[in-house]
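Letters A, B, ... mirror the listed sequences (proteins, then strands); counts begin at 1.
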There are 2 protein chains.
Amino acid sequence: MMEQKLYELHSQMCRVFTSPKRLEILNLLRDKELSVGELEKLVKFRQANLSQHLSILREKGIVKTRRDGTTIYYSLVDTKIGKAFDIMREMLLERLAQTEKLSRDIRKIKRA
Amino acid sequence: MMEQKLYELHSQMCRVFTSPKRLEILNLLRDKELSVGELEKLVKFRQANLSQHLSILREKGIVKTRRDGTTIYYSLVDTKIGKAFDIMREMLLERLAQTEKLSRDIRKIKRA
DNA sequence: TTCAAATATTAGCATATATGAATATTCCTG
DNA sequence: CAGGAATATTCATATATGCTAATATTTGAA
């Protein structure tokens with residue numbers, strides 16, 4: 001079915017979000033464009049590795065670039081990325097809250 | 001920073017969506033619970049492989065199970081999953097439309 | 001045209017992931 | 001409690017991914 005192709009493409013796109021480093025980059029680019037150099041200062045990993053991740057984000061069409069001299073600025077192609085990011089993080093935080101609650105309950109039971 | 005831990009967990013959660021098969025399963029479970037057997041009929045891959053993917057979804061806390069006799073029913077833990085799914089697919093479809101448009105434009109230029 | 005700054009790419013290795021085949025577990029029924 | 005149906009797990013292997021280190025490319029300016 002055609003549907004299978006969509007699942008395939010969909011999963012390809014989601015691969016972009018499976019790296020903490022790429023998530024950090026995307027979060028930094030959320031509302032402004034940044035040059036590679038600016039990103040490099042904000043982030044804890046090496047320039048080459050940063051470039052590799054930016055390259056992946058480019059290939060997948062998640063970010064776009066603008067050149068000014070030797071400086072290259074990166075920005076998001078689609079602000080929906082931010083929404084997707086937020087929904088995931090909400091789910092994550094809810095889950096963490098649950099886990100917290102769970103471990104509090106367990107402590108309560110143990111004391112009883 | 002604490003933030004790094006969140007990116008790590010966030011990326012872990014996103015890994016769940018990097019398999020077309022898991023996306024298909026999640027889409028089937030979107031609004032109803034289904035047993036493994038029912039899923040097996042709706043899907044084109046083997047039972048063992050289906051179980052493997054369900055196991056991954058369970059581990060990550062994306063789906064929950066209910067047992068009735070030997071039958072096990074699966075359902076989504078959080079309906080936000082559906083929203084996340086939709087946002088991704090919207091982005092995907094927009095991109096495909098763009099690409100379509102692009103290739104139409106190219107054909108137009110070639111004809112001119 | 002040469003140099004340095006900014007960014008990108010490649011190669012090699014280590015780790016993670018997906019799959020099929022085989023096997024195990026759980027639970028109901030007779 | 002033996003057998004069968006439903007589901008899960010394990011193992012081996014193939015493929016993909018991420019990282020570092022080294023190197024390349026592009027561009028502006030002297």
Asks: If I take atom CG in residue A:Asn49 and atom P in nucleotide D:dA21, what distance separates them, rounded to the nearest angstrom?
Replies: 11 Å
Asks: Nearest whole Å is fine: how far is D:dG18 P from A:Ile25 CD1?
Replies: 11 Å
Asks: Could you give the CG-to-P distance, from B:Leu54 to D:dA6, as a whole number of Å?
Replies: 16 Å
Asks: Between B:Leu23 and B:Ile56, is there shared hydrophobic-cluster membership here, with clusters defined by ILVMFWY side-chain heavy atoms closer than 4.5 Å?
Replies: no
Asks: Applying the side chain to side chain contact (heavy atoms under 4.5 Å, CB included) criterion to B:Tyr73, which one of B:Arg67, B:Glu38, B:Lys64 satisfies it?
Replies: B:Glu38
Asks: Can you check nucleotides 23-30 of chain D for protein contacts, nitrogen or oxygen pairs under 3.5 Å, and list what you find?
Replies:
none

Asks: Nearest heavy atom decides the nucleotide; on that basis, is B:Ile56 or A:Tyr73 closer to the 5' end of DNA chain C?
Replies: A:Tyr73
Asks: To the nearest angstrom, how far is B:Leu57 atom CG from D:dT7 atom P?
Replies: 16 Å
Asks: Which residues pass the salt bridge (Lys or Arg N to Asp or Glu O under 4.0 Å) test with B:Glu33, not counting sequence neighbours?
Replies: B:Arg66
Asks: Would you kindly give the CZ-to-C1' distance between A:Phe45 and D:dA21, to the nearest whole Å?
Replies: 17 Å
Asks: Without hydrogens or angle criteria, can the side chains of B:Glu8 and B:Gln12 be said to hold a donor-acceptor pair below 3.5 Å?
Replies: yes
Asks: Starting from C1' on D:dT9, measure out to NE2 on B:His53 and report it in whole angstrom.
Replies: 14 Å
Asks: Please report the distance, rounded to the nearest Å, between CD1 in B:Ile72 and P in C:dC27.
Replies: 8 Å
Asks: Quick one: side-chain contact (heavy atoms from CB on, under 4.5 Å) partners of A:Leu9, sequence neighbours excluded?
Replies: B:Leu92, B:Leu96
Asks: How long is the line joining CD of A:Gln52 and C1' of D:dA22, in whole Å?
Replies: 12 Å
Asks: Which residue, B:Val63, B:Ile62, B:Ile81, forms the side chain to side chain contact (heavy atoms under 4.5 Å, CB included) with B:Leu29?
Replies: B:Val63
Asks: Could you check, using the six-membered ring where one of them is a Trp, whether B:His10 and A:Phe85 have ring centers closer than 6.0 angstrom?
Replies: yes
Asks: Name all residues meeting the salt bridge (Lys or Arg N to Asp or Glu O under 4.0 Å) criterion together with B:Glu90; count only those two or more places apart in sequence or in a different chain, and write none if there are none.
Replies: A:Lys80
Asks: Assign a letter to each nucleotide of nucleotides 12-17 of chain D from its 5' end: B, base within under 4.0 Å of a protein heavy atom; S, sugar-phosphate only; -, no contact.
Replies: -----S
Asks: Under the side chain to side chain donor-acceptor pair (under 3.5 Å) rule, collect the residues that match up with A:Lys83, sequence neighbours excluded.
Replies: none
Asks: If you find the nucleotide of DNA chain D closest to A:Arg46 and the one closest to B:Leu50, which residue's nucleotide is nearer the 5' end?
Replies: B:Leu50
Asks: Would you call B:His53 and B:Ser19 a side-chain contact if the rule is heavy atoms closer than 4.5 Å?
Replies: yes
Asks: Strictly below 4.0 Å, heavy-atom distances to any atom of DNA chain C: list the hits from residues 59-66 of chain B, or just say none.
Replies: none
Asks: Quick one: list whatever passes ring-ring contact (aromatic ring centres under 6.0 Å, His included) with B:Tyr74, sequence neighbours left out.
Replies: none
Asks: Give me each pair satisfying salt bridge (charged side-chain N to carboxylate O under 4.0 Å, His left out) with a member in residues 14-30 of chain B, each pair once, sequence neighbours excluded.
Replies: B:Arg30-B:Asp86
Asks: According to side chain to side chain donor-acceptor pair (under 3.5 Å), who are the partners of B:Arg95, at least two apart in sequence or on a separate chain?
Replies: none
Asks: Under 4.0 angstrom, heavy atoms only, what part of the nucleic acid is B:Thr71 near: base, sugar-phosphate, or nothing?
Replies: sugar-phosphate
Asks: Partners of B:Leu50 by side-chain contact (heavy atoms from CB on, under 4.5 Å), sequence neighbours excluded?
Replies: B:Ile25, B:Val36, B:Leu39, B:Glu40, B:Phe45, B:Leu54
Asks: Kindly state which residues belonging to residues 27-39 of chain A come within less than 4.0 angstrom of DNA chain D, counting heavy atoms of the residue only, listed by number.
Replies: none
